[in-house]
Amino acid sequence: MLTILLITALFGQGQSWDSLGIKFITAFPENIAFYYPVNPVNSLNITALYADTVVTVSTSDGWKYKDTLPAGKPVTVTLPLDIEEYRFTQTHRTVRISSTDHIVVQSISQRGDSVQTNVVQPVKNLGTFYSIPSLNYSKMINTFYQLTRNFSKIYSTFRLVIINGENVNNYVTIVKMAENKVHTLDPYSVLQLQTDGTEIAVKSNYIVAVMMTHPCVEMAECRCNMVVNQLYPNSQWDRRFVVPSILKTSNVWLHLTSSTNITASGGDLESGTLEASSSKLLSLPSLQSGSQFINTSDPASLRLVSPGFIIEPIPQSRFSACYLVVPVNSTDAKALVIAETDYRDSVHIDGDLLSSAKWSTIANSEYSSVLVSLNGSHVIWHPSTKIAVYVFEKGTNVYGGPAISLSAKPDPLGCALVPSKFNIIFKPQTWPESHQNCILVSDELFSPSNKAAQMEMVDILNSEGLNERLWIGLRRSLLTLEWYRQRGKNAYNMTYTQWGTGEPSVAEKGMCASVFPNSNMDFHWKSVPCCAQLKSICYTRALYFPLYFPISNDISNEKGSNSNSNAGKNEDV
Ligand SMILES: *[C@@H]1O[C@H](CO)[C@@H](O)[C@H](O)[C@H]1NC(C)=O
Ligand SMILES: *[C@@H]1O[C@H](CO)[C@@H](O)[C@H](O)[C@H]1NC(C)=O
Ligand SMILES: *[C@@H]1O[C@H](CO)[C@@H](O)[C@H](O)[C@H]1NC(C)=O
Ligand SMILES: *[C@@H]1O[C@H](CO)[C@@H](O)[C@H](O)[C@H]1NC(C)=O
Ligand SMILES: *[C@@H]1O[C@H](CO)[C@@H](O)[C@H](O)[C@H]1NC(C)=O
Ligand SMILES: *[C@@H]1O[C@H](CO)[C@@H](O)[C@H](O)[C@H]1NC(C)=O
Ligand SMILES: *[C@@H]1O[C@H](CO)[C@@H](O)[C@H](O)[C@H]1NC(C)=O
Ligand SMILES: *[C@@H]1O[C@H](CO)[C@@H](O)[C@H](O)[C@H]1NC(C)=O
């Protein structure tokens, strides 16, 4: 509790952001030109967070996928061939995903060796106002290759894909330099437009998803690679970013989107004011030596632009506690992890600490970064602070981007999907009755295993203003008279105690333990005969995303006792 408050304060806005949802909508823009002699493969990778989640994927022409998914196991859904949208018009070629409980969704578009992935945002993360990045394609390509090329009209600019997120007619205004253009989008339809470089913003009556895309950003050797960038609404912009150093760091440029004249600083960026809607690509050679901290004078969004990719760095306000990484091709996938330098040694991958000596600190920031090889799907998380995680893969080209955010709030034991909960039982009962009752109404009679857990309990007791003893889940062995913690059906040795003076008393005076809910008594524990009638404190454990390791029941896995992490903030509480 305390920890969460501290962390919220640390991050100022205290906003919580993740990619979980029960309703999603997306579209699949053309991957490479339609005449490329290999069929496209468009798919979704869906991961349910809870067991027995029924997931439905449907298209407007009646194609449907429906299945019951287990928790924590990514499942691939391959979409029909004709889902790919190449026309510049309004159509119903959208894909809708709905589920009975929280899921996360990644889309993968493949055609030959052109691959792009995108974390599909749930409708709760969509908005009604988006600034359009002023990316001038011909200027961009000429910056990459330092020569002047002519392009056929159709490939000379980016495309804008606008998806109506609601089951209503949606009036969408494209704000342009010269004049605005209004389109009426049918329920759940998609509109694809060729931009002319003068688009400034998209405004709508109801929520829309907006993507910038290009089927054929030129790379070396006359190759093409599709780029896709799902935009975030302006309401999610920020001023502080850690720009990741990507596998291929030469020839990477930074593009800044803002609606005001703005300055940016960090790394070896040239100083100076950038005009609103500038198409200037900023040079950031220091990215070759490592990730860079960039801050801007006003809220903005950043893009890393290079032949074959556009990647949007995660702003600090969207850092999360826990990420799912699902590489397309695990043979050469890497995760880039950014964490606060003071707490970087507590980053976990699945059930283990991420042991790496290769952290490098990021200049002018409190952050460090490290690159980790991936051999499949994993969960990367931090027990006490927010981090940023990217997945990068290198086939013929580099692709990837931000990993899937599962949970914004740090928890000492993993990705907490539902936080833990106390439940005070006011009906006086004996210790054995209280113990049984807690198993029935929650998980267990609460037994603090460390200072942080004791403080969490104290918070609750303070707020209840109680003035009499309550049972906690500690008792004495009849055989050895040793005290132990009874958690539901399992017993554990005690490693932390908070006995009052002269406590625990001799065995004859009490084989069970209680807490006195009074700050004057420092919430000390006292031994009491087990058949006394007391109120009790039941506890429901947090619900965690299944990490990719067998969850053991031993003490090292208990609330707060996280024995293998010693740098987390929780231990300080
Ligand atoms: C591009 O097209 C213009 C007009 O068609 C032509 O004059 C120019 O030479 C072309 N440039 C290149 C590099 O091909
Ligand atoms: C894009 O850049 C090209 C070449 O630098 C320039 O001629 C053109 O006017 C620019 N387009 C827009 C819309 O600014
Ligand atoms: C941005 O700067 C340009 C000139 O550099 C100026 O004409 C314009 O008025 C400025 N816009 C705002 C919103 O300050
Ligand atoms: C970035 O932060 C530094 C340190 O807080 C500050 O001096 C600088 O002015 C900021 N840069 C911008 C563009 O706001
Ligand atoms: C998606 O999930 C499947 C099934 O677990 C996994 O094997 C695959 O690698 C993932 N595919 C992609 C393209 O991410
Ligand atoms: C995965 O990557 C390896 C090495 O880069 C490559 O040989 C293989 O063809 C790739 N597999 C797929 C399915 O793209
Ligand atoms: C993947 O790597 C983890 C450690 O990073 C290891 O524990 C696991 O066994 C590896 N899995 C495979 C399939 O190689
Ligand atoms: C628990 O304590 C008992 C008695 O002190 C000891 O024999 C036993 O090994 C301990 N168990 C663990 C898991 O530490």
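Worth saying up front: this structure is predicted, and the values here are computed from it rather than measured. Only heavy atoms go into these numbers, but all of them, side chains included; no hydrogens, no water, no symmetry mates. Whatever order the structure lists ligands and atoms in, that order sets their numbers, starting from 1. In this chain, numbering begins with 1 at the start of the sequence shown.
Note: an N/O pair closer than 3.5 Å links S265 and ligand 4 by distance alone. Any N or O atom pair closer than 3.5 Å counts here, and E482 shares no such pair with ligand 8.
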Identify all pairs of nitrogen or oxygen atoms, one from ligand 2 and one from the protein, separated by less than 3.5 Å, and list them with distances.
unit_1: ligand 2; atom_1: 2 (O); unit_2: N136; atom_2: OD1; d: 3.2
unit_1: ligand 2; atom_1: 2 (O); unit_2: N136; atom_2: ND2; d: 2.3
unit_1: ligand 2; atom_1: 11 (N); unit_2: N136; atom_2: ND2; d: 2.8

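Taking the six-membered ring for Trp, Y137 and F158 have ring centres closer than 6.0 Å. Side-chain rings of Y484 and Y492 stay apart, their centers remaining 6.0 Å or farther from each other.
At a heavy-atom cutoff of 4.0 Å, ligand 4 is contacted by no atom of N364, backbone or side chain.
For ligand 4, the atoms closer than 4.0 angstrom to any heavy atom of T296 are 13 (C), 14 (O). Every atom of ligand 4 is numbered from 1 in the order shown, and the set under 4.0 Å from a heavy atom of T263 is 13 (C).
More than 12 heavy atoms of other residues, nucleotides or ligands shown are found within 6.0 angstrom of NZ on K176.
Checked against side chain to side chain donor-acceptor pair (under 3.5 Å), S259 has no partners two or more places apart in sequence or in another chain.
L284 contributes atom CG, which lies 8.0 Å from atom CG of L304 (distance to the nearest 0.5 angstrom).
Classification of E85 and R87 as a salt-bridged pair holds, one side-chain N sitting under 4.0 Å from a carboxylate O.
For the 3.5 Å distance criterion, the side chains of T273 and N261 fail to qualify, holding no donor opposite an acceptor. In this model, a donor atom of one side chain and an acceptor atom of the other lie less than 3.5 Å apart for S368 and T341.
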